[in-house]
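Read the structure below first, then the notes.
Letters A, B, ... mirror the listed sequences (proteins, then strands); counts begin at 1. Hydrogens, waters and symmetry mates play no part in the numbers below; they use all other heavy atoms, side chains included.
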Protein chains: 2
Amino acid sequence: MKSDGRLARMLHVLVHMALLGGKETSERIAQMLNTNPVVVRRTLGALRDNGIVESEGGRGGGWKMSKTLDDITVLDVQRALHKGTILSAGVSHDHPSCPVERASNAVLESAHAAAEAKLREIYATTTLAEIARIAVASGGEQAAN
Amino acid sequence: MKSDGRLARMLHVLVHMALLGGKETSERIAQMLNTNPVVVRRTLGALRDNGIVESEGGRGGGWKMSKTLDDITVLDVQRALHKGTILSAGVSHDHPSCPVERASNAVLESAHAAAEAKLREIYATTTLAEIARIAVASGGEQAAN
DNA sequence: TTTTTCTGTAACCTAAAATGTTACAGATTG
DNA sequence: CAATCTGTAACATTTTAGGTTACAGAAAAA
Ligand code: FES
Ligand code: FES
């Protein structure tokens, strides 16, 4: 498949919106993401349904944040975009009654569950404010670009 | 894409081969994986190139293990199948000069690196013998199936 | 009230990667 | 030589994110 870049893109957009003032239109966000307004509406729509941003139609409308960067974690955005687990184990279903297949799957699933726990822990303790801080700190020189 | 079940399948096949005697043909393995002999050759071929199994052509040929279950870890099989990292962060490349995009990507990559470290640690300390033990212990009753 | 500017969706097409399939070439044994 | 295997090439299929086109509807502005 094409790799899933929604989480990275949404983090980018949210930090952008918070840092550079207020409302942004789908068209402008599409330009900064190098894509199409429809893709933006689709993806930001999921964040709206989870109370992270708000949208307003009509002239002068657009998107704005519903929370501050301090009140949004990476995990919040992740959950808005994908229900269910973050990682998946890639098990096999070739011979469901076979104990060996079940044991193999169980080992892989348990390992992935441990890795996912680690990932969720980091996502849950990383706020978008932290990303903004890193960006401001590291991007000072290149900001004039 | 279709989800990648190669690791799970290969664990299954290797434990099967070790437990149920010696040589197996691509045709027989394909039946137990509910697939095609060509898929089996492709996938087992990667394990052969990494010294985990050996193949022999011609009449009476087939596949057999090059090591014991104790000497193969899940990580060995993983590395034979995929070079490079296990997890990937799904970063964005929409605006490479933007410090915010870079910070977002960096945070995601670092989180995934931590999760991957956990995963590799488990893979590296789990031998196929352990999978065999779990299968034998849990599958006793259903083995008659 | 008409025009302009936005969002919201439906209904496609495209891309990428694993898997499945068909068809042979080549090796090895009997 | 015949039979049985592996090794590959060359497709077709499946899945899911992303991209595109085309409108409908809402709201401000004129
Ligand atoms: S383009 Fe606006 S923050 Fe990156
Ligand atoms: S089919 Fe042989 S071990 Fe599962």
Side-chain angles (χ1 to χ4, degrees), chain A residues 1-10 12-13 17 22-49 53-64 66 78 80-94, chain B residues 1-10 12-13 17 22-49 53-64 66 78 80-94:
Chain A
M1 121 192 68
K2 274 178 190 171
S3 72
D4 186 349
R6 283 177 287 180
L7 179 56
R9 276 178 156 180
M10 290 304 100
H12 183 186
V13 168
M17 290 206 300
K23 219 170 284 190
E24 291 279 19
T25 183
S26 297
E27 178 62 38
R28 281 172 54 88
I29 296 173
Q31 283 168 3
M32 76 175 257
L33 292 187
N34 207 34
T35 181
N36 194 291
V38 177
V39 174
V40 173
R41 294 195 191 105
R42 259 201 308 239
T43 317
L44 274 176
L47 302 197
R48 180 198 53 222
D49 296 344
V53 297
E54 307 169 32
S55 65
E56 227 176 338
R59 188 165 193 156
W63 302 86
K64 72 175 176 192
S66 299
Q78 164 69 35
L81 293 173
H82 317 274
K83 307 303 174 190
T85 63
I86 306 174
L87 305 178
S88 73
V91 300
S92 61
H93 310 284
D94 302 314
Chain B
M1 82 181 108
K2 271 179 191 170
S3 72
D4 185 349
R6 283 177 288 181
L7 178 56
R9 277 179 155 179
M10 289 305 99
H12 183 184
V13 168
M17 289 208 299
K23 219 170 286 191
E24 291 280 18
T25 183
S26 298
E27 178 62 39
R28 282 172 54 88
I29 296 174
Q31 283 167 3
M32 76 176 258
L33 292 187
N34 205 35
T35 181
N36 195 290
V38 178
V39 174
V40 172
R41 292 195 193 106
R42 261 202 305 241
T43 316
L44 274 176
L47 302 197
R48 180 198 52 220
D49 297 343
V53 297
E54 306 169 33
S55 63
E56 228 176 339
R59 188 166 194 152
W63 302 86
K64 73 175 176 191
S66 300
Q78 163 70 34
L81 293 173
H82 317 273
K83 306 303 174 189
T85 63
I86 306 174
L87 305 178
S88 73
V91 299
S92 61
H93 309 284
D94 302 314

What is the distance from atom [atom1] of [X] to atom [atom2] of [Y], rounded to the nearest 0.5 Å?
{"X": "B/M10", "Y": "B/Q78", "atom1": "CE", "atom2": "CD", "value": "13.0 Å"}
{"X": "A/K23", "Y": "A/E54", "atom1": "NZ", "atom2": "CD", "value": "9.5 Å"}
{"X": "B/H82", "Y": "B/R6", "atom1": "NE2", "atom2": "CZ", "value": "4.5 Å"}
{"X": "B/T35", "Y": "B/I29", "atom1": "OG1", "atom2": "CD1", "value": "11.5 Å"}
{"X": "A/W63", "Y": "A/R41", "atom1": "CH2", "atom2": "CZ", "value": "8.0 Å"}

Handout entry: Donor-acceptor contact below 3.5 Å, side chain B/R48 vs main chain B/S55
Key = no

Problem - B/R9 side chain vs B/L33 backbone, donor-acceptor pair below 3.5 Å - result: yes

Practice task
Identify, between B/N36 and B/G60, the residue whose nearest nucleotide on DNA chain C lies closer to the 5' end.
Solution key: B/N36

Practice task
Specify the residue among A/P37 and A/K2 whose closest nucleotide of DNA chain C lies further upstream toward the 5′ end.
Solution key: A/P37

Problem - Polar pair under 3.5 Å, donor/acceptor by atom type, side chain A/R48, base C/dG8 - result: no

Practice task
Return yes if the base of C/dG20 and the side-chain atoms of B/R42 contain a donor-acceptor N/O pair under 3.5 Å, otherwise no.
Solution key: yes

Fill in the blank from the handout: As a check of understanding: the bend across the helix from C/dT1-D/dA30 to C/dG30-D/dC1, end axes from five pairs, rounded to 10 degrees, works out to 10°

Compare side-chain N and O positions of [X] against OP1 and OP2 of [N] and report whether any pair is under 4.0 Å apart.
{"X": "A/R41", "N": "D/dG18", "answer": "no"}
{"X": "B/R6", "N": "C/dT19", "answer": "yes"}
{"X": "A/T35", "N": "D/dG19", "answer": "yes"}
{"X": "A/R59", "N": "C/dC6", "answer": "no"}
{"X": "A/S55", "N": "C/dG8", "answer": "yes"}
{"X": "B/T25", "N": "D/dT6", "answer": "yes"}

Measure the distance from [atom1] on [X] to [atom2] on [N] and round it to the nearest whole Å.
{"X": "A/E56", "N": "C/dT5", "atom1": "CD", "atom2": "C1'", "result": "13 Å"}
{"X": "A/E24", "N": "C/dT5", "atom1": "CD", "atom2": "P", "result": "17 Å"}
{"X": "A/D94", "N": "C/dA18", "atom1": "CG", "atom2": "C1'", "result": "13 Å"}
{"X": "A/H93", "N": "C/dT19", "atom1": "NE2", "atom2": "P", "result": "12 Å"}
{"X": "B/K23", "N": "C/dT29", "atom1": "NZ", "atom2": "C1'", "result": "12 Å"}
{"X": "B/D4", "N": "D/dT16", "atom1": "CG", "atom2": "P", "result": "14 Å"}
{"X": "A/R9", "N": "D/dA17", "atom1": "CZ", "atom2": "C1'", "result": "10 Å"}
{"X": "B/L44", "N": "D/dC5", "atom1": "CG", "atom2": "C1'", "result": "14 Å"}

Exercise for the section: Mind checking A/G5 for me? I need base, sugar-phosphate or nothing, with any heavy atom below 4.0 Å counting as a touch. Expected result: sugar-phosphate

Exercise for the section: Name the nucleic acid region contacted by B/E27, choosing base, sugar-phosphate or nothing; use a 4.0 angstrom heavy-atom cut-off, strictly under. Expected result: nothing

Completion exercise
By nearest-heavy-atom nucleotide on DNA chain D, the more 5' of B/G45 and B/S3 is B/G45

Exercise for the section: Could you please name the option among C/dT7, D/dT6, C/dT19 that lies closest to any side-chain atom of A/W63? Expected result: C/dT7

Practice task
Side chain of B/V38 only, please: which of C/dA18, D/dT6, C/dT22 is the nearest?
Solution key: C/dT22

Practice task
Indicate yes or no: at least one non-hydrogen side-chain atom of A/M32 is less than 4.5 angstrom from one of A/E24.
Solution key: no

